[in-house]
Amino acid sequence: MKENIFQKVDIYISNLLAPEDKALTDVIKSLDDANIPQMSVSANHGKFLQILMICCNAKRVLELGTLGGYSTIWMARALPDNGKLITLEVNKSYADVARKNIENAGLTHKVEMKIGKAIDILANLISQNEEPFDFIIIDADKPPYLEYFEYAVKLSHQGTIIVCDNVVREGKILDIKSSDERLIGVQRLNESLKENKNVTATILQTVGVKEHDGMVIAVVNQN
Ligand code: SAH
Ligand code: DHB
Ligand code: MG
């Protein structure tokens, strides 16, 4: 990796305030070993998710997109003893890797993995009157980001924080002529937030050990 100033400072911050223990470095290694792309959030983003969870007193967390369980582990660690995290993953072999990593981190009792397409599982959660979540992170496939966000709002209460990862993509988000379905999906979400009266939202641009990117941070309003 080319070491630029953003990466160096990100490493400085994570060494100080978000050091990875063996359970987390084991996740990174497990992805390499299984030839799974390194798409996990960074250590500092993991810590940032914990801080947002603490801000909304999160006891019930929903994650779309588990991969190897890296962000899952960061978040499950910020849950109280009676807390619960439900994480959705479509890829069975990724889910197997994640299950082992979550077990290795001693967090199996706090994490429920649901295997399948996020859109189907979200529809099921709603039809089964699932209790609302306090914190939701959308980090699965990008084309249906707006649909995911709309489901997330339905599964929320006033004060629920909803985070959506990868909404800047090295500035490619500015390319309104792009035919990349992932970018179009994220553009639809970002633009919808302007008119969405259900949430107060911003987009936080980020640099560091991962590519220049950004996250939607939204809090659900009183309805
Ligand atoms: N949150 C993880 C990274 C997730 S990467 C972390 O930071 O550690 C995106 C994940 O979404 C991948 O594992 C991918 O398999 C999964 N995914 C893609 N399409 C999906 C879908 N339709 N439903 C559920 N998960 C999906
Ligand atoms: C990709 C997906 C992610 O969730 C991420 O954090 C980085 C990259 C991707 O699909 O390329
Ligand atoms: Mg992501």
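Atoms within each ligand, like the ligands themselves, are counted from 1 in listed order. Everything quoted here is computed from the prediction, not taken from an experiment.
Taking a cutoff of 4.0 Å between a charged side-chain nitrogen and a carboxylate oxygen, Asp32 and Lys29 do not qualify as a salt bridge. Taking a cutoff of 4.0 Å between a charged side-chain nitrogen and a carboxylate oxygen, Asp21 and Arg77 qualify as a salt bridge. In this structure, Lys154 does not pair ionically with Glu130, as no charged nitrogen and carboxylate oxygen lie closer than 4.0 Å.
Per residue Asp139, closest N, O or S atom to the Mg ion (ligand 3): atom name OD1. Nearest N/O/S atom of Asp165 relative to the Mg ion (ligand 3): this is OD2.
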Task: Criterion side chain to side chain contact (heavy atoms under 4.5 Å, CB included) on Lys47 and Ile13, from CA distance to verdict - done: CA-CA 11 Å; Lys47 179 75 179 278; Ile13 297 166; over 6 Å; no
TODO: In sequence, state the C-alpha distance, the side-chain angles, and the governing distance for Asn101 and Tyr70, and then conclude on side chain to side chain donor-acceptor pair (under 3.5 Å).
DONE: CA-CA 8 Å; Asn101 288 330; Tyr70 185 88; over 6 Å; no
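Cys164 pairs with exactly one of Asn190, Val186, Leu193, Ile138 by the side chain to side chain contact (heavy atoms under 4.5 Å, CB included) rule, that one being Ile138. Phe135 pairs with exactly one of Ser156, Cys56, Cys55 by the side chain to side chain contact (heavy atoms under 4.5 Å, CB included) rule, that one being Cys56.
Heavy-atom separations between Gly116 and ligand 1 include at least one value shorter than 4.0 Å. Residue Glu63 places a heavy atom under 4.0 Å from ligand 1.
Under the 3.5 Å distance criterion, the side-chain polar atoms of Asp134 are matched with a main-chain donor or acceptor of Arg60. Between the side chain of Asn221 and the backbone N or O of Lys197, at least one donor-acceptor pair lies under 3.5 Å. Between the Ser14 side chain and the Pro19 main chain, no donor and acceptor come within less than 3.5 Å of each other. A side-chain donor-acceptor contact under 3.5 Å links Thr160 to the backbone of Phe133. Side chain of Asp165 to backbone of Asp139: no donor-acceptor contact under 3.5 angstrom is found.
Distance from atom 7 (O) of ligand 1 to its nearest protein heavy atom, with residue and atom name: Val41 N, 2.9 Å. For atom 6 (C) of ligand 1, the closest non-hydrogen atom of the protein is Ser71 OG, 2.9 Å. In this structure, atom 3 (C) of ligand 1 lies nearest to the protein heavy atom Asp139 OD2, 3.3 Å. For atom 25 (N) of ligand 1, the closest non-hydrogen atom of the protein is Val90 N, 3.3 Å. In this structure, the protein non-hydrogen atom closest to atom 23 (N) of ligand 1 is Ala118 N, 2.9 Å. Looking only at protein heavy atoms, the nearest one to atom 20 (C) of ligand 1 is Asp141 OD1, 3.3 Å. Counting only heavy atoms of the protein, atom 1 (C) of ligand 2 lies nearest to Met39 SD, 3.4 Å. Nearest protein heavy-atom contact of atom 7 (C) of ligand 2 is Asn166 ND2, 3.7 Å. For atom 13 (O) of ligand 1, the closest non-hydrogen atom of the protein is Glu89 OE1, 2.6 Å.
Around the CG atom of Leu16, the shell of radius 6.0 Å holds more than 12 heavy atoms that belong to other residues, nucleotides or ligands. Around the NZ atom of Lys172, the shell of radius 6.0 Å holds more than 12 heavy atoms that belong to other residues, nucleotides or ligands.
Below 3.5 Å of separation, one finds no N or O of Ala140 facing any N or O of ligand 2. In terms of polar-atom proximity, Met39 is not counted as a contact of ligand 1, lacking any N or O under 3.5 Å from an N or O of the ligand. By the 3.5 Å distance cut-off applied to N or O atoms, Gly69 is not counted among the residues near ligand 1. By the 3.5 Å distance cut-off applied to N or O atoms, Gly65 is counted among the residues near ligand 1.
Only the side chain of Tyr148 comes within 4.0 Å of ligand 1, judged by heavy-atom distances. Contacts with ligand 1 closer than 4.0 Å are made by backbone heavy atoms (N, CA, C, O) of Thr66 only, the side chain lying farther away. By the criterion of a heavy-atom distance under 4.0 Å, the side chain of Arg169, and not its backbone, is placed next to ligand 2. Heavy atoms of Lys142 found under 4.0 angstrom from ligand 2 belong exclusively to the side chain.
Both tests do not hold together for Lys142 against Tyr145: distance to the six-membered ring centre under 6.0 Å, angle to the ring axis within 45°.
Residue Lys117 approaches ligand 1 through these ligand atoms, each under 4.0 Å from one of its heavy atoms: 23 (N). Close approach to Asp165 involves these atoms of ligand 2, each under 4.0 Å from a residue heavy atom: 6 (O). Remark: ligand 1 atoms within the under-4.0 Å shell around heavy atoms of Tyr94 are 13 (O), 15 (O).
At a cut-off of 2.8 Å, Met39 does not coordinate the Mg ion (ligand 3) through any N, O or S atom. Using a cut-off of 2.8 Å, one finds that Asp213 contributes no N/O/S atom close to the Mg ion (ligand 3).
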